[in-house]
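Sequence positions, counted from 1, serve as the residue numbers for this chain. Computation of the quantities below employed the complete heavy-atom set of this structure, encompassing side-chain atoms and omitting hydrogens, waters and symmetry-equivalent molecules. Every number for a ligand or one of its atoms is a count from 1 in the order of the listing.
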Amino acid sequence: MNTQQSIYGLTRDQLAAWLLAHGHRKGRAELLWESLYRKRLTTFEDMDEVHSDCLRLVEEHFAVETLGEHVRQESVDGTIKFLFRLQDGNLIETVLMRHKFGLSVCVTTQVGCNIGCSFCASGLLKKSRDLTSGEIVEQVMKVQLHLDRQGKDERVTHIVVMGIGEPFDNYDHVTDFLRVIQDPKGLAIGPRHITVSTSGLADKIVEFADSDLQVNLAISLHAPNNELRTRIMKINRAIPLEKLMAAIDYYLSKTRRRLTIEYILLKDVNDGTEQALELAELLGERFVNVNLIPYNPVDEHGQYQRSEHGSVLAFYDVLKKQGLSVSVRLEHGADIDAACGQLRSKQLSR
Ligand code: SAH
Ligand code: SF4
């Protein structure tokens, strides 16, 4: 199998350093960068502003395209789900969503996920490997190139790291990815337009708070006490709420940024007003927004159902009355299996 490293995996500084080490000055890195992210050329041949010696060298070591489009599904609401084939044959998914405020892309960070949450389609498939930073950036580029081809001058404005995988279990590649997509001379996606979601790896939350990345963070909490959280997310056994809340407090005091608390509503499991009160008590005065997520049913997890509309409203009201900032996540592409991991798991079982 011919596998090559994706050029998208390098930050602008890393690209300049690599070229310098191979005898090319910085200006060439800048031209190459511009060809990749501003002109969005996908073959080295077309990058005629870059010196041919430099291109030849780069081509020996890197590829521009490493993802192949396997399936693309478009929803009536404009959501597009892409299933990409990696060089090793693995399939991953990426979703483009349309909002009033812009276009967001949800990226995958691992092939499968080892956290194994009981309600999630991604956790059904154990992690077979981490994605490289290049493979994560390329998902965004592939979506942007698709938009470019439509000729409507649309740009990806927001990124959510909420596809298959636990981003903090692939920390270095994910943070390189975040640096590449923010580069002002590249895709220039602002840090406040980017959200990383984690199942709660406390040590990495602390490391993230200490880093210079100004990106938003979301925590998949999903339950207000250890007993319930361990039942639906087994990671809670290794990292119980006390440890997670301590990491959250560290993050809040260090960054002073509002944190998102994700809470999936599972009928008769965690969606009672009792749990809403317990959640409000757990969160207290912290600077957070609670994002209530309607459960997207997964065939293999038949024990869970989506909460009734009335329960969602009641849960919302309790949190509001307790003084919390709350939102309900809008659904996108319900007609095309847009819940994370669903299209991929269906394709694999076929
Ligand atoms: N691994 C990370 C990020 C990927 S999952 C995490 O768990 O946070 C992104 C979000 O989708 C998480 O909040 C996750 O709990 C939620 N999710 C997983 N399966 C879902 C489903 N079937 N319906 C609705 N949300 C789901
Ligand atoms: Fe992994 Fe997130 Fe799914 Fe849990 S919810 S199994 S951490 S992808």
Side-chain angles (χ1 to χ4, degrees), residues 92-95 97 104-131 136 139 159-171 173-174 177-178 194-202 204-205 208 215-223 228-239 244 247-248 259-267 269-271 288-307 312 327-334 336-346:
I92 57 159
E93 54 188 60
T94 308
V95 183
M97 290 164 287
S104 71
V105 171
C106 176
V107 294
T108 286
T109 55
Q110 297 180 314
V111 181
C113 182
N114 278 343
I115 308 293
C117 302
S118 64
F119 46 79
C120 175
S122 306
L124 287 168
L125 310 154
K126 280 237 162 267
K127 176 181 98 171
S128 57
R129 73 170 172 90
D130 291 330
L131 292 196
I136 312 175
Q139 294 172 56
I159 298 291
V160 288
V161 185
M162 295 189 185
I164 303 166
E166 168 47 55
F168 283 177
D169 181 39
N170 185 14
Y171 190 84
H173 290 155
V174 168
F177 155 75
L178 295 172
I194 304 173
T195 304
V196 175
S197 172
T198 176
S199 58
L201 305 193
K204 292 295 173 190
I205 294 171
F208 197 67
V215 168
N216 302 313
L217 185 63
I219 309 282
S220 294
L221 196 65
H222 306 329
L228 188 54
R229 193 162 190 269
T230 302
R231 181 139 61 92
I232 60 179
M233 297 176 76
K234 62 180 194 219
I235 180 84
N236 195 67
R237 213 168 284 137
I239 308 170
L244 178 54
I248 285 176
L259 184 79
T260 298
I261 298 291
E262 296 165 285
Y263 196 100
I264 291 193
L265 289 166
L266 303 166
K267 185 180 174 186
V269 175
N270 66 353
D271 68 344
V288 297
N289 175 66
V290 180
N291 193 209
L292 300 176
I293 309 176
Y295 175 60
N296 229 314
V298 174
D299 295 348
E300 293 81 350
H301 298 311
Q303 76 269 38
Y304 296 126
Q305 280 116 44
R306 170 188 288 254
S307 293
V312 177
S327 52
V328 180
R329 184 172 296 172
L330 285 177
E331 289 180 88
H332 293 268
I336 55 164
D337 308 316
C340 64
Q342 287 189 6
L343 178 62
R344 173 171 177 264
S345 65
K346 278 194 187 165

If you measure every N or O of Arg329 against every N or O of ligand 1, does any of those distances drop under 3.5 Å?
no

Assess the side chains of Asp130 and Gln110: does a donor N or O sit below 3.5 Å from an acceptor N or O?
yes

Answer yes or no: is there a side-chain heavy-atom contact under 4.5 Å between Gln305 and Val269?
no

Do Phe119 and Gln303 pass the side-chain contact (heavy atoms from CB on, under 4.5 Å) test, and can you show the C-alpha distance, the side-chain angles, and the key distance before you say yes or no?
CA-CA 9 Å; Phe119 46 79; Gln303 76 269 38; over 6 Å; no

Counting only heavy atoms closer than 4.0 Å, does ligand 1 sit against the backbone of Met162, its side chain, both, or neither?
both

Below 4.0 Å, non-hydrogen atoms only: which portion of Pro294 touches ligand 1? Side chain, backbone, both or neither.
backbone

So if I count the atoms of ligand 1 from 1 in the order they appear, which ones are less than 4.0 Å from some heavy atom of Thr198?
6 (C), 8 (O)

Give the atoms of ligand 1, by number and element, whose distance to some non-hydrogen atom of His222 is under 4.0 Å.
13 (O), 14 (C), 15 (O)

Given side-chain contact (heavy atoms from CB on, under 4.5 Å), test Ile232 with Asn270 step by step and report yes or no.
CA-CA 10 Å; Ile232 60 179; Asn270 66 353; 4.3 Å; yes

Quick check on contacts: which atoms of ligand 1 are under 4.0 angstrom from a heavy atom of Cys120?
18 (C), 19 (N)

Quick one: does ligand 1 sit under 4.0 Å from the side chain of Val298, the backbone, both or neither, non-hydrogen atoms only?
side chain

If you measure only the distance, is there a donor-acceptor pair under 3.5 Å linking the side chains of Glu262 and Ser220?
yes

Judged on heavy-atom distance to atom 26 (C) of ligand 1, which of Leu201, Ile235, Ile264 sits nearest?
Ile264

Taking only heavy atoms of Cys113, which atoms of ligand 2 are found under 4.0 Å from at least one of them?
1 (Fe), 6 (S), 7 (S), 8 (S)

Quick one: do the Asn291 and Ser327 side chains pair a donor with an acceptor below 3.5 Å?
yes

Minimum non-hydrogen distance to atom 2 (Fe) of ligand 2, winning option of Ser220, Gly165, Pro167
Gly165

Rounded to the nearest 0.5 Å, the CG atom of Asn296 sits from the SG atom of Cys120 at a distance of 10.5 Å

Is a donor on one side and an acceptor on the other found under 3.5 Å between the side chain of Thr108 and the backbone of Glu93?
yes

Numbered in order shown, the ligand 2 atoms found under 4.0 Å of a heavy atom of Gly116 are 6 (S)

Has Cys117 got an N, O or S atom lying less than 2.8 Å from atom 1 (Fe) of ligand 2?
no

Closest non-hydrogen contact found for Asp271 with Leu265 is CB-CD2, 3.8 Å

Does Gly163 have a non-hydrogen atom less than 4.0 Å from ligand 1?
yes

Numbering the atoms of ligand 2 from 1, which are under 4.0 Å from a heavy atom of Ser199?
7 (S)

Where ligand 1 meets Ser220 - atom numbers and elements under 4.0 angstrom, heavy-atom basis:
6 (C), 7 (O), 8 (O), 12 (C), 13 (O), 15 (O)

Please identify which atoms of ligand 1 are closer than 4.0 Å to at least one heavy atom of Glu166.
1 (N), 2 (C)

Under 3.5 Å: N/O of Ser197 near N/O of ligand 1:
yes

Do the side-chain N and O atoms of Glu166 and Thr109 include a donor-acceptor pair separated by under 3.5 angstrom?
no

Atoms in ligand 1 flagged as close to Gly165, the criterion being non-hydrogen separation under 4.0 Å:
1 (N), 2 (C), 3 (C), 4 (C)

Give a yes/no verdict on whether any heavy atom in Ala218 is under 4.0 Å from an atom of ligand 1.
no

About how many Å separate CD1 of Ile264 and CG of Leu221, when rounded to the nearest 0.5 Å?
11.5 Å

Decide if the gap between the ring center of Phe208 and the ring center of Phe168 is smaller than 6.0 angstrom.
yes

